[in-house]
Amino acid sequence: MNHQEDKNFPEDLLWGTATSAHQTEGNNKNSDWWLFENDKKLQKHMFQDKSEQARDSYNKYNEDFKLCQELNNNAVRISIEWARIEPKQGIFDQTEINHYKKVLQEAKNRGLKTFVTLHHFTIPTWFYKKGGFLKFTSPKLFAKYAKKVAEELDEYIDFYTTINEPQALVAMGYIKGFWPPQKKNLFFAFIVHQNLIAAHIKSYKKIKKISSKPVGIVKNISWFQS
C-alpha cells in the first residue's frame, strides 16, 4: 500500500471552519439564551459565563474570514440568528437581513463556500415565551422563518443546514436540563424531538420551492477507530 497516496485529499474536498452566532457574534439580546444568562430567577443551573459581547464577530466577521483564508479553508459554516431576523413574531428586520447579506458576501469574496445554519440552539424570546419547540405550532413558525431566509439570502448560500445537532438540544435542554429551557422531562423531550423533525421537514420543503441548493441537518456523530 502506498501510504503517501492515502494522505492526499480529494481535489473537491471542502475544508472549513464552523461557528455559531450566539457564541461569537455577541449582544444577541433577543434570544432565550441571553434571557437565561441574565435572569438568575430562570436558572436551575447557573451559567458559568455570559455571552455578552463574545468575540464581536457581528462586526468583525471580515477578520474571521481572513483567518479562514490563512488556514487554507475553502468553506465556512456560520449560523443565521433567528432572534435577530424575526425579533417579533411575523415581523422581519430588513436591517439584520441586509447585515447577513454583507457577511455572506464577504465570505464569498474570499472564495469560501457558505454553509448556513438556520437554528444553532438559540431561539427568539417571543418563540420561547410561546413554548418553543414544545408547541405543535412550532414547526410551522420555524418554516416561515426558513422561507424568509431563502427568499432573501439564497444567492449567498451554497448549503443550508436547518437545525444544528437536534439530539444534543433535546438531551441538554429537556433530559439533563442544563440548557434553556432547563426542563428535565422525558415526555417533553420526546415532543421536542418530534417537533424538530417536523420543523426540518417543513423548512426543507419551503426552501426547496425557492432554491436548488443542498439542504440538510447537522448531525453530531462520534467517530471511533482502533
Side-chain angles (χ1 to χ4, degrees), residues 20-51 54 78-93 96 100 116-150 160-207 215-220:
S20 68
H22 186 74
Q23 291 173 307
T24 59
E25 286 184 343
N27 297 312
N28 184 26
K29 297 180 180 180
N30 200 31
S31 73
D32 60 333
W33 277 65
W34 185 276
L35 186 66
F36 272 75
E37 288 170 355
N38 291 281
D39 189 342
K40 292 183 179 180
K41 293 179 181 179
L42 292 173
Q43 297 177 13
K44 296 178 182 177
H45 298 278
M46 295 297 292
F47 282 77
Q48 296 300 314
D49 297 295
K50 296 180 181 181
S51 57
I78 67 170
S79 59
I80 297 293
E81 186 52 65
W82 184 7
R84 296 186 192 274
I85 286 185
E86 191 178 4
K88 296 181 180 179
Q89 183 177 356
I91 299 175
F92 295 97
D93 190 327
E96 294 292 352
Y100 283 113
V116 173
T117 305
L118 303 182
H119 176 268
H120 200 131
F121 298 145
T122 51
I123 55 176
T125 304
W126 65 263
F127 186 74
Y128 161 74
K129 290 181 177 179
K130 290 179 71 72
F133 283 104
L134 266 174
K135 297 297 182 180
F136 290 104
T137 55
S138 59
K140 183 178 180 180
L141 293 172
F142 181 77
K144 183 178 179 181
Y145 150 68
K147 177 176 181 284
K148 183 66 173 179
V149 171
Y160 291 87
T161 58
T162 56
I163 298 169
N164 179 77
E165 299 179 356
Q167 289 169 308
L169 176 62
V170 171
M172 297 302 290
Y174 295 89
I175 297 176
K176 294 185 177 182
F178 291 159
W179 294 355
Q182 295 190 341
K183 297 181 183 293
K184 295 179 69 173
N185 186 304
L186 290 178
F187 181 63
F188 286 174
F190 173 77
I191 292 173
V192 170
H193 188 270
Q194 296 304 108
N195 282 338
L196 288 172
I197 293 171
H200 167 70
I201 293 170
K202 287 183 179 294
S203 57
Y204 175 94
K205 291 178 179 178
K206 293 288 187 182
I207 294 168
V215 182
I217 65 167
V218 176
K219 180 74 171 68
N220 51 314

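What you see below is based on every heavy atom in this structure, not just the backbone, and it leaves out hydrogens, waters and symmetry mates.
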Kindly give the heavy-atom pair with the smallest separation between Ala143 and Ser203, and that separation in Å.
CB-N, 3.9 Å
Any chance you could lay out the side chain to side chain contact (heavy atoms under 4.5 Å, CB included) test for Phe142 and Ile123, step after step, and finish with the verdict?
CA-CA 10 Å; Phe142 181 77; Ile123 55 176; over 6 Å; no
Non-hydrogen atoms of Ala146 and Leu118 that approach each other most closely:
CB-CD1, 3.6 Å
Taking C-beta and beyond as the side chain, do Ser20 and Phe121 meet within less than 4.5 Å on heavy atoms?
no
Between Asp93 and Glu96, is there a donor-acceptor pair closer than 3.5 Å when you use the side chain of the first and the backbone of the second?
yes
Set out, in order, the CA-CA distance, both residues' side-chain angles and the distance that settles side chain to side chain contact (heavy atoms under 4.5 Å, CB included) for Leu141 and Lys130, then state yes or no.
CA-CA 11 Å; Leu141 293 172; Lys130 290 179 71 72; 4.1 Å; yes
Mind checking whether Ser31 and His22 have side chains closer than 4.5 Å, heavy atoms only?
yes
Within this structure, what is the CD-CE distance for the pair Gln182 and Met172, rounded to the nearest 0.5 Å?
10.0 Å
Would you check if the distance from the ring center of Phe127 to the ring center of Trp82 is below 6.0 Å?
yes
To check you understand the geometry: which heavy-atom pair defines the closest contact between Gly132 and Ser138, and what is its length?
O-CB, 3.4 Å
Pairwise distance NZ(Lys29) to CD(Glu37) - rounded to 0.5 angstrom:
12.0 Å
In short, Tyr145 meets Phe92 closest at the heavy-atom pair CA-CE2, 4.2 Å
Ignoring hydrogens and geometry, is there a side-chain-to-backbone donor-acceptor pair from Asn185 to Tyr174 under 3.5 Å?
no
Distance (rounded to the nearest 0.5 Å) between His193 NE2 and Asn195 CG:
11.0 Å
Residues 160-170 vs side-chain hydrogen bond (donor to acceptor under 3.5 Å, both in side chains), sequence neighbours excluded, gives Arg77-Asn164, Thr117-Thr161, His120-Asn164, Asp154-Tyr160, Thr162-His200, Gln167-Lys219
Answer yes or no: is there a donor N or O on one side and an acceptor on the other, between the side chain of Tyr100 and the main chain of Glu81, under 3.5 Å?
yes
Nearest 0.5 Å, what's the NZ-CD1 distance between Lys184 and Ile175?
10.5 Å
Spatial distance of atom CG (Asn28) from atom CD (Glu25) [nearest 0.5 Å]:
6.5 Å
Report the distance from atom CD1 of Ile201 to atom CG of Leu196, rounding to the nearest 0.5 Å.
11.0 Å
Quick check: closest heavy atoms across Pro87 and Asn30, and the distance to 0.1 Å?
O-ND2, 2.9 Å
Ion pair present between Lys144 and Glu86, side-chain N to carboxylate O less than 4.0 angstrom?
no
Check: Trp33 main-chain N/O paired with Thr122 side-chain donor or acceptor under 3.5 Å
no
Is the distance between the ring centroids of His119 and Phe133 under 6.0 Å?
yes
Closer than 3.5 angstrom, by distance alone: can the side chain of Asp32 be matched with the main-chain N or O of Thr125 as a donor-acceptor pair?
no
Report the C-alpha separation of Phe136 and Ile191 in whole Å, then their side-chain angles, then the decisive distance to 0.1 Å, and conclude whether the side chain to side chain contact (heavy atoms under 4.5 Å, CB included) test is met.
CA-CA 8 Å; Phe136 290 104; Ile191 292 173; 4.2 Å; yes
Under the 3.5 angstrom rule, does the side chain of Asp39 hit a backbone N or O of Leu35 as a donor-acceptor pair?
no
Search all heavy atoms of Gln23 against all heavy atoms of Ala54 and return the closest pair with its distance.
O-CB, 3.5 Å
Taking C-beta and beyond as the side chain, do Tyr128 and Pro180 meet within less than 4.5 Å on heavy atoms?
no
